[in-house]
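Everything below concerns the one structure shown next.
Atoms considered below: every heavy atom in the structure, side chains included; atoms not considered: hydrogens, waters and symmetry mates.
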Amino acid sequence: MITLYEFPPAFGLTNASPFALKLEAYCKLAKIEYQVKYRIDSEKMPKKKFPVALINNELVADSNIILAQLDQTAQLDASLSNEQHALGYLIKELIEEKLYWCLVYSRWVDDAFWPTTKTELFSEMPGVLKLFVPNLVRKNLIKSIYAQGLGRHSTTQIYDFAIEAITHLANLLGEKPYFVSDYMTQYDCAAYATLTNLLNGKLETPIKAAIEQKPNLVAYINRCYESCGV
């Protein structure tokens, strides 16, 4: 049994963090027993972020490091070739280093969707804290997105980047059930986690509209949910 520490669910999803959702999906597929404990005090965690996993009484931070450690034993993708692993890695990097930040931008920076984010994440916060904490967190996220580089572009350009990525992903998937194999791999866990946040996360963004125009991606997201159940 391992313990996953995550932010609480939001936006009608099992978890609004693609990285937490990726780990839950992997654990389900690899039949790893786990429990989830929701917390908001990420500053107290190693590397000051969630998700964090408690594995053999050791706290392990960063979803990719956690997954790599779990896979040493579970070996979900032992049958994949080096080429399949390489393709899966490139897909994961595109999604987690590009598309993920477009998701963050839509939630935290775009004024059209910030009110929904504020309600989803802070509505149950005590009244006094609710007056300043949401805007403080938003300010820090805006700084992070700017430092990452994406925040230096216009809103239109950012959504264009995301739509371009969606188009490439749809073309790459084609008629295949999953991206690199006939079964759902760890790389699909990463892809599904971000794509379902974009499609099913309550925000009517241009990225969601782009996914809806790709029937194979919509079917893929539904197929992944049926496979992992989170």
Side-chain angles (χ1 to χ4, degrees), residues 2 4 14-15 17-34 46-47 49-53 55-56 58-104 148-150 161-199 207 210-211 214-230:
I2 68 169
L4 299 178
T14 299
N15 202 285
S17 163
F19 302 107
L21 188 55
K22 173 179 70 174
L23 290 178
E24 289 199 46
Y26 179 86
C27 287
K28 288 284 190 180
L29 291 172
K31 295 180 171 54
I32 296 171
E33 290 190 51
Y34 72 97
K47 302 185 180 180
K49 64 178 185 177
F50 288 127
V52 170
I55 305 173
N56 297 325
E58 178 186 359
L59 287 176
V60 183
D62 189 280
S63 66
N64 287 321
I65 295 174
I66 295 167
L67 196 152
Q69 184 165 327
L70 294 176
D71 200 55
Q72 288 178 6
T73 302
Q75 295 190 328
L76 177 66
D77 300 328
S79 65
L80 296 184
S81 67
N82 289 338
E83 183 179 356
Q84 287 172 307
H85 276 296
L87 177 60
Y89 177 83
L90 293 174
I91 292 169
K92 179 178 70 69
E93 288 296 293
L94 169 65
I95 289 170
E96 294 188 343
E97 298 300 330
K98 188 78 170 187
L99 202 52
Y100 165 75
W101 285 103
C102 296
L103 169 66
V104 174
Q148 189 271 344
L150 188 74
F161 293 151
I163 292 168
E164 180 182 26
I166 293 298
T167 300
H168 287 311
L169 288 170
N171 290 339
L172 183 60
L173 180 64
E175 299 302 316
K176 300 191 298 293
Y178 301 103
F179 276 107
V180 300
S181 180
D182 290 336
Y183 70 91
M184 187 173 174
T185 68
Q186 61 176 291
Y187 307 111
D188 294 295
C189 292
Y192 163 69
T194 295
L195 289 172
T196 194
N197 264 270
L198 289 164
L199 179 64
I207 313 174
I211 296 174
K214 305 294 183 183
N216 66 331
L217 279 186
V218 174
Y220 168 81
I221 293 167
N222 293 333
R223 189 179 305 117
C224 288
Y225 177 77
E226 292 171 0
S227 293
C228 68
V230 294

The salt bridge (Lys or Arg N to Asp or Glu O under 4.0 Å) partners of K176 (sequence neighbours excluded) come to none

Take atom OH of Y225 as the centre, draw a 6.0 Å sphere, and report whether it contains more than 12 heavy atoms from other residues, nucleotides or ligands. no

For K49, what residues pass the side chain to side chain donor-acceptor pair (under 3.5 Å) criterion, not counting sequence neighbours? D62

Test side chain to side chain contact (heavy atoms under 4.5 Å, CB included) on I211 and I221 and set out the steps. CA-CA 10 Å; I211 296 174; I221 293 167; 4.0 Å; yes

What's the separation between atom CG in N15 and atom CG in L21, rounded to the nearest 0.5 Å? 6.5 Å

Can you list the residues that meet the side chain to side chain donor-acceptor pair (under 3.5 Å) rule with D71, with sequence neighbours excluded? Y26

If you look at every heavy atom in A74 and A30, which pair is closest and at what distance? CB-CB, 3.8 Å

Decide yes or no for I2 and L70: does some side-chain heavy atom of the first lie under 4.5 Å from some side-chain heavy atom of the second? yes

Who passes side chain to side chain donor-acceptor pair (under 3.5 Å) against Y34, sequence neighbours left out? E24

Sorted by chain and residue number, the side chain to side chain contact (heavy atoms under 4.5 Å, CB included) partners of L94 (sequence neighbours excluded) come out as K98, A165, L169

What's the shortest heavy-atom distance between K92 and A190, and which atoms? CG-CB, 3.8 Å

Atom CG of L195 and atom SG of C224: how far apart are they, to the nearest 0.5 Å? 8.5 Å

Assess, by modelled atom type and distance only, whether the side chains of T194 and N197 contain a donor and an acceptor separated by less than 3.5 Å. no

Approximate separation, where rounding is to 0.5 Å, of N64 CG and I66 CD1: 9.0 Å

In chain order, what residues pass the side chain to side chain donor-acceptor pair (under 3.5 Å) check against S81, with sequence neighbours excluded? Q84

Closest heavy-atom pair, L173 versus N216, reported as atoms and distance to 0.1 Å, is CD2-O, 3.6 Å

Would you mind reporting whether K47 and I65 have side-chain heavy atoms less than 4.5 Å apart? yes

Verdict with reasoning, L150 to V104, per side chain to side chain contact (heavy atoms under 4.5 Å, CB included): CA-CA 10 Å; L150 188 74; V104 174; over 6 Å; no

Strictly distance-based, threshold 3.5 Å: is any side-chain N or O of N56 a donor or acceptor partner for the main-chain N or O of E58? no

Looking at L59 and P46, what are the two nearest heavy atoms and their distance? CB-CG, 4.0 Å

Any side-chain heavy atom of L87 sitting closer than 4.5 Å to one from L172? yes

OG1 (T167) and NZ (K214) are apart, to the nearest 0.5 Å, by 4.0 Å

Is the number of heavy atoms from other residues, nucleotides or ligands under 6.0 Å of N82 CG greater than 12? no

As an exercise, state the distance from OG of S63 to NZ of K22, rounded to the nearest 0.5 Å. 3.0 Å

Pairs meeting criterion ring pair (Phe, Tyr, Trp, His ring centres under 6.0 Å) with involvement of residues 177-198, two or more places apart: H85-Y187, F179-Y220

Grab the two heavy atoms, one from S181 and one from P177, that are nearest each other, plus how far apart they are. O-CG, 4.2 Å

Nearest 0.5 Å, what's the CG-CD distance between L23 and Q186? 11.0 Å

Measure from the side-chain N and O atoms of N222 to the backbone N and O of A219, and report whether any donor-acceptor pair falls under 3.5 Å. no

Listed partners of A162 passing side chain to side chain contact (heavy atoms under 4.5 Å, CB included), at least two apart: L99, C102, I207

